[in-house]
Structures are given as C-alpha cells and as structure tokens.
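Reading through the structure tokens given below for one structure.
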Amino acid sequence: MTKKIAVLPGDGIGPEIVAEAVKVLDYLNADMSLDLSLEYGLIGGAAYDAHGTPFPEQTLVLAKQADAVLLGAVGGYKWESLDIAVRPEKGLLGLRSELQLFANLRPAILYPQLISASTLKAEVVSGLDILIVRELTGGIYFGQPRGVRLLDNGEKQGYNTLVYSESEIRRIAHSAFQVAQKRNRRLCSVDKANVLECTELWRQVVTEIGRQYPDVELSHMYVDNAAMQLVRAPKQFDVLVTTNMFGDILSDISAMLTGSIGMLPSASLDANNKGMYEPIHGSAPDIAGKGVANPLATILSAAMMLRYTFNRSDAAGRIEDAVNKALNSNIRTADIYSEGMQKVGSAAMGDAVISALKEGA
Ligand code: IPM
Ligand code: MG
C-alpha cells in the first residue's frame, strides 16, 4: 500500500536540509520499492507569508491524511515581531497538538568519527547513546490560562500554566518504559517534584506505571541535577523521560554532547505510531540559503520514519549505515568540521550519503 508522507520544509535552512533527506528517500524508494509518495505543504513563516497563518487548514488536512510527516524547521528573524498567535512556532506546536504526537523521541548518539567536534572531553562522551523521551502535547507549552494581563496597579503580568493530568503522564510513561525495554532497560524520570506540585504528581504516576515494567530499572532526578549530570557524566543514562519544557532544554544539552545539534533526529509519535519526523535543531536563519547546513539530522529523521511508522528497519538501517560511512570519509559540514577535514555544503553531504547507500547495496 502506498505510504503517504507530508513534506513540510518550513523556514530558514528547512528547505535545504529537507531536500537532502528527500534525495535519500527517493533513492531508497526506487531501490527497495518502498512505495512512498511525497506531497509538499507549507508550515511556519513560509505559510504565514503565503496565507497569513503559520498553520493553514490545507496543511492540517495534508498532515492528517498522510501516514507520516517530514518537517524541516520553522521560524526566523523576519517573523519575530509578529503576534505570538501567528508566529511560525505556532504552526509546529499546532501540528504536534492536532495530530496528538505526545511522545517525542530524541536520541543522542555520538559517532566516534565526531569525537573531536564535541566540546566535552572524549572520555566523557565516547560511546554515548542516550534517548530523551519528551512529553510533547501538554505541560506549560499548552496549559491554560496563559497570556499577559494588566494588573490593577497598571503593571503588566505574564503568566503560563503548567498542567498534567494523570492520563497524560500515564501514556508518556508507558511509551518511555516500552522504549527502555528495547534498550538497556534503565529509565530516569526527570521532574522538579521538590518545588512543583504538578511534577510531584508526575513522579507518583511514573512510579505507579513502573510497577507494570519490573524489568526496567526506574530512577528519578530533579531537572537541575539532570542538566548537570548530562554534562558531568552523560553515559550514566539510558532513557530519560520528562515534561515538555524540561525535555526541550535537556535535549539541546544532549545534542551538544554529540558534537553538533546538526546531527540529532527526532520522532514525535501518536498512540498508533503515526509520526512527525524532524531534526531537533531550528531554522538557523543566520546560515539559511547558503547551502552549508548539516542535513544529517534530517536524513536520520527520515530513517526514524522508516523504522517507527513504516516498520522498515531494514531501510532505516541502510540510511544509518550510510551516514556512518559518509562520516568515515573526511568530508564535514561546518558545524562538525575539525582540522584536517574537508569542509562541504549540504548537497555534497547528501550526495555522500547516497554514494554510501549505493556502495552498501
Ligand atoms: C524544539 C523547538 C521547538 C520547541 C520550538 C521551535 C517551538 O525548540 O522542537 O525543541 O520548543 O519545542
Ligand atoms: Mg528545542
């Protein structure tokens, strides 16, 4: 059966890196008869410019009809002064929420070839392979009430609400325990239960769900300590599960452990493994349009799509091997460049992955 992919390149470097991932998908589609069909849509600032909204109805329809979504990035200087309700980021958040993509998987793997690109000492990060499971459709990102109000004394006050219901915590906990079962069976739940009632409930519910997974060793950590531990001794972790905002922050830290945020893919899944796949980095407006962005995070996101939504671990594995091979050569995009290497742009890096796929076939 035809597998429909909604491709939403978005803003900034989005179109450049998505083009490389599409090259890889097109190649494998032909080579392995994957029966993929790609359809393009607008999201973020690009959608705002064309339709006055970062999340047009036709994009929602396209995404809902598709089996999976491949997204580049959203946002940029151009739209920073817009009202928050129509900012590019609202398009991405709307999509996550409308499609109920509550389970965000953000793996951080250090490729040995990139060890010198990490700002941390080699012994701290060598062999790193951790996974952050971030709750993606709740918490303070979506809690009501929210806004900026005028107080009686004439002063403005900004406010947001951190909320999690038991059912929201339960479903993300199940996802996290289940992915931990497929890895090294250690799960660390990150909260701020010493200060925030909402995450005190989080800890209770995760502990309760843990009784159904006796084969997974569960621990709990406060988020400030987790941030410190990720930089101090990241290899102590296997899987981390946490709230939307803590996951946003911790996944940027874990990305940098691997040398570059340009290497990290992500999957955002609903209850049926329909998913949206995107690099965890943003739109990088400072380098947009220059053809220098690292496309590997997006290419690896396409691999996650093949694995999680389309159950094609064989095809996913081929992409991952090809990325590994491409890194064995001396070509590097600027973000992972180190001395003695040859600096290349997005297209050359994409081509290197395709060549490696051809060689490996
Ligand atoms: C991410 C990004 C988004 C988020 C932004 C672009 C809304 O930082 O996916 O981590 O905060 O979730
Ligand atoms: Mg982020």
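Bear in mind the structure is a predicted one, so any value in this text is a computation, not a measurement. Counting starts at 1 for both ligands and their atoms, in listed order.
- Arg203 places no side-chain N or O within donor-acceptor distance of the main-chain N or O of Lys192, the cut-off being under 3.5 Å.
- At a threshold of 4.0 Å, the pair Lys64-Glu98 counts as salt-bridged, since one of the basic side-chain nitrogens sits closer than that to a carboxylate oxygen.
- Contact annotation for Met245 and ligand 1: no heavy atom of the residue comes within less than 4.0 Å of the ligand.
- For ligand 1, the polar-atom distance check against Arg134 finds a nitrogen or oxygen pair separated by under 3.5 Å.
- Taking a cut-off of under 4.0 Å to the non-hydrogen atoms of Glu89, the atoms of ligand 1 that pass are 6 (C), 7 (C).
- Near-neighbour remark for the Mg ion (ligand 2): protein N, O or S atoms under 2.8 Å are Asp248 OD1; waters not counted.
- Contact between Arg106 and ligand 1 is present, with at least one heavy atom of the residue lying under 4.0 Å from the ligand.
- Here the closest heavy-atom approach between residue Glu16 and residue Ala288 is recorded as OE2-C, 3.5 Å.
- A donor-acceptor contact shorter than 3.5 Å is absent between the side chain of Asn294 and the backbone of Asp335.
- Atom 11 (O) of ligand 1 has as its closest protein heavy atom Tyr141 OH, 2.6 Å.
- When heavy-atom distances to ligand 1 are checked against a 4.0 Å cut-off, His281 has no atom that comes that close, whether in backbone or side chain.
- Each of Met349, Lys343, Met263, Met341 was compared with Thr333 under the side chain to side chain contact (heavy atoms under 4.5 Å, CB included) criterion, and only Met349 meets it.
- For atom 2 (C) of ligand 1, the closest heavy atom belonging to the protein is Asp248 OD1, 4.0 Å.
- Salt bridge Asp67/Lys4: absent, no basic N to carboxylate O contact under 4.0 Å.
- Salt bridge status for Arg96 with Glu278: present, with a side-chain N to carboxylate O gap under 4.0 Å.
- Heavy-atom distances between Lys90 and ligand 1 stay at or above 4.0 Å for every pair.
- Ion pairing of Arg318 with Asp31 is present here, as a side-chain N (NZ or NE/NH1/NH2) and a carboxylate O approach within less than 4.0 Å.
- Classification of Asp49 and Lys78 as a salt-bridged pair holds, one side-chain N sitting under 4.0 Å from a carboxylate O.
- Open room surrounds CE on Met245; 12 or fewer heavy atoms of other groups in view lie less than 6.0 Å from it.
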